[in-house]
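The block underneath contains the structure these notes are about, expressed in C-alpha cells.
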Protein chains: 2
Amino acid sequence: MTSMPPEERIGSHVKRAEQALVGAKNAALKPAGVTVPQYAALLWLAEKPGISAAALARLCGVTPPTMNTVLKNLQERGWIERSPHEWHRNVLETRLTAEGRLVMELADAAAVRVERALAAAFSAEEREQLIALLGRAADVLDAQR
Amino acid sequence: MTSMPPEERIGSHVKRAEQALVGAKNAALKPAGVTVPQYAALLWLAEKPGISAAALARLCGVTPPTMNTVLKNLQERGWIERSPHEWHRNVLETRLTAEGRLVMELADAAAVRVERALAAAFSAEEREQLIALLGRAADVLDAQR
DNA sequence: TTGCGAGCATTAGACCTCTAACATAGATTC
DNA sequence: GAATCTATGTTAGAGGTCTAATGCTCGCAA
C-alpha cells in the first residue's frame with residue numbers, strides 16, 4: 001500500500017551516502033578527538049580568523065544556536081578563544097588557539113584521506129557528473145521549501 | 001593553507017544535498033506533525049507490522065538506542081503500540097495504531113510529493129547515474145571504516 | 001533625537017544521534 | 001546440564017540540530 005518503493009526514492013540513496021560519509025569521517029577523526037561539526041568549524045576558523053559565530057554558522061550550513069553549541073565544546077577544550085570586537089561590542093571574535101590549530105591540522109589530514117579515497121572511486125568525468133547532479137538536486141529541494 | 005578546497009570535496013556536495021533534502025522533507029512533513037525519522041519508522045511499521053525495534057532500526061539505518069528514542073516519542077503520541085512477543089519474551093512487537101496509520105498516510109503523501117519533485121529534475125538516465133554513483137560512494141566509504 | 005530595523009548572541013525546549021555498558025532470553029554446543 | 005553465542009532491549013552520557021523567543025548594539029532615517 002506504500003505509494004513509492006524506497007529504492008525509487010532518490011532521497012534514500014542520498015541519505016545512505018551521507019550516512020556512510022559521516023560514519024567514515026567520524027571514524028577517521030576519532031584519533032584527533034574531534035567530531036565532524038567541530039572539524040568543519042575549526043577548518044573555517046583557520047581560514048577566517050576573527051569571524052563572528054553567526055557568519056561561521058552560515059559557512060558551516062547550520063543555525064547560530066547550533067554553532068553556539070559546537071563553539072562551547074571547542075572552547076571547553078581550549079581550542080578556540082572568543083573576545084569582544086573592538087567596535088561592535090555585541091560581536092564576539094573567534095580565533096583558533098595554538099593547540100586548536102594543531103588539532104585542526106591533525107584532523108584535516110585524516111579528513112583529506114577520506115576525501116581522497118572517495119574521489120579515487122570515480123573517474124574525473126564521473127566526479128563532475130556526480131557533483132553536478134547533486135547540485136541540481138540541492139537546488140530543486142531548496143526551491144521546494 | 002588548507003590542503004583541499006571545499007568545492008573539490010565530494011563530501012561537501014553530498015552533505016549539501018542531504019541538508020536540502022532533510023530541510024524540504026521536514027517542511028513538507030510539518031503539517032502532519034511528524035519528523036523525518038518518525039516518518040521513516042511509521043512507513044516501515046506499516047509495511048512490517050509487529051517488527052522488533054532492533055530490526056526496525058536496521059531498516060531505518062540507525063542504532064537500536066536511537067530507534068528507542070524515536071519509538072518513545074511515537075508511543076507518547078499514541079501512534080504505535082508495543083506488546084511482548086508470544087514466544088520470545090524479550091522481544092517487543094511494535095504496531096501502528098489506527099491513528100498512527102492515518103498520520104503515516106498523511107505524511108507519506110507529503111513525502112512522496114517531495115520525492116516526485118526531486119525525480120522530475122532528472123531524466124531517467126540521469127536518475128540511474130545518480131543512484132549508481134551514490135551507491136558506489138556509500139560502498140567505498142563503508143569499506144573505509 | 002528618537003525611533004526602527006538589521007544583525008549578533010544567547011537561552012529554553014524538543015528531538016535525534018552515537019558509543020558504551022549492562023541485562024535478559026533463547027539457541028547452540030560441548 | 002552448563003557454558004557460550006546471538007539477538008533484543010534498555011540506560012547513561014555526550015553531542016548536535018532545530019525553532020521560538022529574548023536582549024543587545026549599531027546605524028540609519030524621520
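Proteins come first, then strands; the chains are lettered A, B, ... in the order of their sequence lines, and each starts at number 1.
- Each of D:dT11, C:dC8, D:dT8 was ranked by its minimum atom distance to the side chain of B:Val91; first place goes to D:dT8.
- Close to C:dC8, at under 4.0 Å from its OP1 or OP2, lies a side-chain N or O of A:Arg58.
- Remark: A:Arg16 engages B:Asp142 in a salt bridge, criterion side-chain N to carboxylate O under 4.0 Å.
- Note that the CG atom of A:Leu43 and the CD atom of A:Glu105 stand 11.0 Å from one another [nearest 0.5 Å].
- Here B:Glu126 pairs with A:Arg136 in a salt bridge; the nearest charged N to carboxylate O distance falls below 4.0 Å.
- In this structure a side-chain-to-backbone donor-acceptor pair under 3.5 Å is missing from A:Glu18 to A:Lys15.
- Between A:Glu8 and B:Arg127 there is no salt bridge, since no side-chain nitrogen of the basic residue lies less than 4.0 Å from a carboxylate oxygen of the acidic one.
- Computed from coordinates, the A:Leu71 CG to D:dG16 P distance equals 10 Å when rounded to whole Å.
- Comparing C:dC8, C:dC15, C:dC18 against the side chain of A:Ser52 picks out C:dC8 as the nearest.
- Contact annotation for B:Asn73: backbone-only contact, meaning every heavy-atom pair under 4.0 Å involves sugar-phosphate atoms and none involves a base.
- Among the nucleotides D:dT17, D:dT10, C:dC16, the one closest to any side-chain atom of B:Pro64 is D:dT10.
- One can place CD of B:Gln38 at 17 Å from P of D:dC18, the figure rounded to the nearest angstrom.
- Set against D:dT10, C:dT10, C:dT17, the side chain of A:Leu92 has C:dT10 as its closest nucleotide.
- The interatomic distance linking B:Lys72 (NZ) with C:dC16 (P) rounds to 9 Å, in whole Å.
- Counting any heavy atom pair closer than 4.0 Å across all strands shown, A:Thr35 reaches sugar-phosphate atoms only and no base atom.
- Within the 4.0 angstrom heavy-atom criterion, no nucleotide atom of any strand lies near B:Val36.
- Among C:dC18, C:dT11, D:dG23, the nucleotide with an atom closest to any side-chain atom of A:Asn68 is C:dT11.
- For A:Ala54, the listed nucleotide lying nearest its side chain is C:dC8; candidates were D:dT19, C:dC8, C:dA20.
- Distance from the side chain of B:Pro65 is smallest for D:dT11 among the nucleotides D:dG9, D:dT11, C:dA9.
- Here D:dA20 is the nucleotide among D:dG15, D:dA20, C:dC8 with the atom lying nearest to any side-chain atom of B:Lys30.
- Each of A:Ala55 and B:Thr63 lies near DNA chain C, and the nucleotide nearest A:Ala55 is the one positioned closer to the 5' end.
- Among the nucleotides D:dT10, C:dT10, D:dT17, the one closest to any side-chain atom of A:Thr66 is D:dT17.
- Closest to the side chain of B:Val70, from the set C:dT19, D:dG16, C:dC16, is C:dC16.
- Distance B:Glu93 CD to C:dA25 P: 17 Å, rounded to the nearest Å.
- Note on B:Arg77: a side-chain N or O is less than 4.0 Å away from OP1 or OP2 of C:dC15.
- Of the side-chain N and O atoms in B:Gln19, none sit less than 4.0 angstrom from OP1 or OP2 of D:dT17.
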